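Letters go in sequence order (proteins before strands), and every chain restarts at 1. Since the structure is predicted, the reported quantities are computational estimates derived from the model, not experimental observations.
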Amino acid sequence: MPREFRKPIDDADPAAALTNARIAAILTEIADLLDIKGESSFKVGAYRRAADSVARSGVDVAQAYREGEPPRLKGVGGSIGERIEELVTTGQLPYHEALRAEVPPTLLELLAIPGVGPRTAGEVWRTLGIATLPELERAACDGQLRQLKGLSAKSEARIIEGIAELEKRPPRRMRIGEAHGLAERAVALIESLPGVASAVAAGSVRRWRETVGDLDILVETDEPAEVLEALRALPVIESVEAGVRGGADRSTLRLVDGPQLDIMAMPAGSTGSYLVHFTGSAEHNVALRHRARERGWTLSEHGLVPLDDAAAQPMTFAAEADLYAFLDLAEIPPELREGRGEIEAAEHDELPRLIERSELRGDCHSHSHWSDGREPLEVMVESARAAGREYQVLTDHSQSLGIANGLTPARVEAQRRVIGELNERFAREASDGQTPDGADAGFRLLHGTELEITTDGRLDYADELLASFDVVVASLHVGRQQPRRQLMARYETALRNPHVGIISHPSGRKIGVRPDLDLDWEAFYRLAAETGTLLEINGSEARLDLDEHRIRAATEAGCRFVIDSDAHERDDWAHLDWGVGIARRGWVTADLVANTLPRDEFITLMREKPHRW
DNA sequence: GCCGTTTTCGGCCCGACTGTTTTCAGTCG
């Protein structure tokens with residue numbers, strides 16, 4: 001996978017909120033520019049690690065600095081700490097600006113070309129004055145690059161090809177659902193080939209990352225050459241990527257109209273270290289190698305080799321658990337392998353027992369034709385029932401959300417009657433032993449609403465009507481650009497209302513489309529915990545909201561959750577899978593999630609606020 | 001530039017591949 005296409009930071013708006021993500025982006029750009037400049041790789045790495053640390057921190061770093069309580073962040077020492085402080089207090093970072101003046105930020109675009117790294121980019125800039133993609137392409141076509149040290153006519157051809165490829169197919173990351181679907185198909189396809197003992201998707205798919213760049217497939221076989229040859233010949237394989245990753249036991253391919261596939265063969269019976277290595281993350285692997293070194297070993301995908309005998313045969317492991325055990329660690333679930341404290345937890349046997357999909361008994365957020373759902377209420381409810389759930393909450397939109405055909409109070413009452421009749425039928429069928437196969441005899445459709453928090457900070461229904469719902473899910477779809485104080489005031493109204501059980505998709509983000517709401521998150525979590533209002537982990541793949549970082553921060557603040565599909569059609573029930581995946585990445589255990597409760601307990605819980613159990 | 005059961009200096013993760021090489025640097029995952 002070519003590195004991600006990184007545009008220079010848009011600094012047109014210096015007043016843009018200094019979120020952790022923006023601070024991290026600035027530190028990353030500093031690292032890139034230093035790299036091109038030819039600075040020590042350790043210094044460059046230090047900025048990258050610091051950026052990473054800021055990005056994944058649960059606290060609002062800018063706010064913490066402004067309040068005079070800088071958080072302890074791994075990789076942020078005196079020098080970088082001072083730069084962050086200057087940035088968040090003055091809104092400017094002269095060091096960064098000076099670097100941008102010295103090294104043209106447009107050079108970052110060159111790094112997206114396969115085979116072009118910071119050294120090459122720096123070299124063409126220094127010797128030929130090239131700073132942009134078109135300039136590089138022209139120079140390559142004119143044969144100017146071959147005069148540079150380490151570059152030849154062959155390199156020029158590769159660069160021209162790489163630029164063309166980039167224009168034809170800009171790198172993009174798949175959403176979680178698409179990635180898992182494709183990975184499943186690829187694995188099934190590969191397992192059908194002769195000589196294949198097993199295949200498994202590793203990489204970020206296996207860790208359930210919210211977006212995925214390419215697919216890494218491990219193939220257990222004793223005949224790697226034959227298997228890879230057969231694979232390359234399949235009609236669904238569009239092309240064999242040139243050069244990047246060839247060799248006897250690995251191959252880089254591309255699915256027709258699909259993502260890049262990195263295929264790695266591993267010898268049967270010694271798959272433990274391969275799985276660990278290719279599942280990652282990079283940070284997790286680094287931490288593991290550190291640990292191996294402390295114990296006198298060097299760790300790679302092939303296994304462990306003694307530090308004092310590099311020529312020794314690697315010690316191999318049949319299973320991941322064996323490798324972890326050798327390093328005195330409990331086996332770490334793939335979702336936790338991000339270098340966020342999982343090694344320490346595994347060392348002390350304090351890994352959480354993560355929630356499983358099978359532990360969800362109900363779903364608290366779904367829509368139908370009555371508002372903006374794409375299927376009739378009856379169709380949605382029958383499929384939820386057939387899926388074996390104990391309860392489904394129908395939460396069509398409230399009246400002010402006209403664009404989604406929100407329900408007036410009169411339509412709410414009409415819908416209540418329809419739901420009542422359906423539940424009567426379900427009860428009748430249960431007592432007659434007529435419950436359909438796969439359905440839970442106790443299944444009930446619960447009546448909820450997705451209650452709009454209006455721009456002027458009111459709730460969209462009167463309290464008496466709110467009290468009549470089984471579940472009230474409050475959310476904010478309009479007036480997203482309001483200043484932080486106003487947004488917080490709106491959320492506070494909802495959180496303090498005794499009938500509001502759940503705040504839905506709290507950050508309001510859409511992945512890759514629009515950013516989070518500007519909230520005082522610490523205060524938001526505190527209020528949710530204090531009022532006993534549940535926070536939703538919304539599993540629709542464009543949202544995944546709360547995200548994994550916020551989930552952990554909210555947990556630490558004492559919050560509790562529900563995991564919901566926000567389904568608008570039957571296919572959307574799969575969102576529950578994605579929601580559970582993200583929850584697991586947020587270290588969530590079943591006891592933190594209200595919709596793991598049996599139906600009656602859940603109904604009772606939702607009648608009482610604060611919701612604590 | 002960061003960090004410390006190798007602690008204030010001297011390290012800093014690993015292997016494979018590529019290209020232009022006579023021993024290695026750059027790129028990638």
Side-chain angles (χ1 to χ4, degrees), chain A residues 1-4 27 30-31 34-36 38-53 72-84 95 110-124 145-159 162 171 202-204 212-218 224 241-252 260-266 273-274 276-305 307 310 314 339 343 347:
Chain A
M1 184 72 189
R3 92 187 55 205
E4 277 165 49
L27 292 175
I30 290 174
L34 289 174
D35 210 357
I36 291 173
E39 290 270 357
S40 137
S41 61
F42 299 116
K43 184 168 168 179
V44 172
Y47 273 95
R48 289 199 203 291
R49 273 189 300 279
D52 203 50
S53 218
R72 255 323 279 144
L73 295 174
K74 211 165 143 67
V76 178
S79 178
I80 296 181
E82 275 174 27
R83 298 209 194 286
I84 295 177
Y95 179 69
L110 308 190
L111 304 183
I113 305 165
V116 176
R119 304 286 143 183
T120 310
E123 185 68 15
V124 298
L145 299 184
R146 66 190 69 175
Q147 58 186 283
L148 269 56
K149 187 164 147 274
L151 292 179
S152 65
K154 207 164 168 182
S155 320
E156 287 172 343
R158 262 190 86 195
I159 286 172
S204 49
V212 172
D214 57 8
L215 300 176
D216 300 291
I217 313 275
L218 290 173
E241 298 291 304
V244 186
R245 225 122 163 81
D249 61 351
R250 54 192 61 187
S251 192
T252 296
Q260 182 174 307
L261 284 181
D262 284 340
I263 312 287
M264 271 77 56
M266 52 183 181
S273 54
Y274 280 85
V276 168
H277 179 88
F278 287 107
T279 296
S281 65
E283 293 78 10
H284 179 79
N285 287 353
V286 166
L288 282 183
R289 290 189 198 117
H290 245 305
R291 196 174 173 85
R293 281 189 92 81
E294 285 168 8
R295 286 165 168 66
W297 302 84
T298 166
L299 172 63
S300 76
E301 63 263 44
H302 306 298
L304 287 165
V305 174
L307 279 173
I343 307 266
E347 179 171 32

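Ring stacking holds between A/Phe42 and B/dC12, with the centres under 5.5 Å apart and the planes within 30 degrees of each other.
We find that CG of A/Leu307 is positioned 13 Å from P of B/dT6, with the value rounded to whole Å. Rounded to an integer number of Å, the gap from CG of A/Asp52 to C1' of B/dC2 is 15 Å. Rounded to a whole Å, the CG atom of A/Asp35 is 16 Å from the P atom of B/dA25. Distance, A/Ile80 CD1 to B/dC3 P: 9 Å, rounded to whole Å. In this structure, the CZ atom of A/Arg291 is 12 Å from the P atom of B/dT6, given to the nearest Å. Between A/Tyr47 atom OH and B/dG1 atom P there is a gap of 5 Å when expressed in whole angstrom units. At whole-Å resolution of the value, CZ in A/Arg48 and C1' in B/dC12 are 15 Å apart. Residue A/Leu145 contributes atom CG, which lies 15 Å from atom C1' of B/dG19 at whole-angstrom precision.
Tested against A/Arg48, the residues A/Leu27, A/Leu34, A/Asp35 include a single side chain to side chain contact (heavy atoms under 4.5 Å, CB included) partner, A/Asp35.
Two residues are said to be in side-chain contact when any heavy atoms from C-beta on lie closer than 4.5 Å; A/Ile217 and A/Met264 fail this criterion.
Residue A/Ala46 has its side chain nearest to B/dC2 when only B/dA16, B/dC2, B/dG19 are considered.
Distances shown here put every side-chain N or O of A/Thr120 at or beyond 4.0 Å from the OP1 or OP2 atom of B/dG26.
Using atom C1' as the reference point in both B/dG10 and B/dG15, the two lie 25 Å apart (nearest Å). Nucleotides B/dT21 and B/dA16 are separated by 24 Å at their P atoms, to the nearest Å. Nucleotides B/dT6 and B/dC12, compared at atom P, are 14 Å apart to the nearest Å.
Using a 4.0 Å heavy-atom cutoff across all strands shown, A/Leu288 reaches no nucleic acid atom at all. Across all strands, A/Lys149 comes closer than 4.0 Å to no nucleic acid atom at all (heavy-atom distances). Counting any heavy atom pair closer than 4.0 Å across all strands shown, A/Gly203 reaches no nucleic acid atom.
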In a table with atom names and distances, give each donor-acceptor pair under 3.5 Å that connects a side chain of residues 38-46 of chain A to protein atoms at least two apart or in another chain.
from, atom 1, to, atom 2, distance (Å)
A/Ser40, OG, A/Phe42, N, 3.0
A/Ser40, OG, A/Lys43, N, 3.1

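A/Tyr47 meets the ring-ring contact (aromatic ring centres under 6.0 Å, His included) test with no other residue; sequence neighbours excluded.
Comparing A/Asn285 and A/Asp216 against DNA chain B, the residue whose closest nucleotide sits nearer the 5' end is A/Asn285.
Across all strands shown, B/dT8 has no partner, as no Watson-Crick or G-U wobble contact with both distances under 3.5 Å is found.
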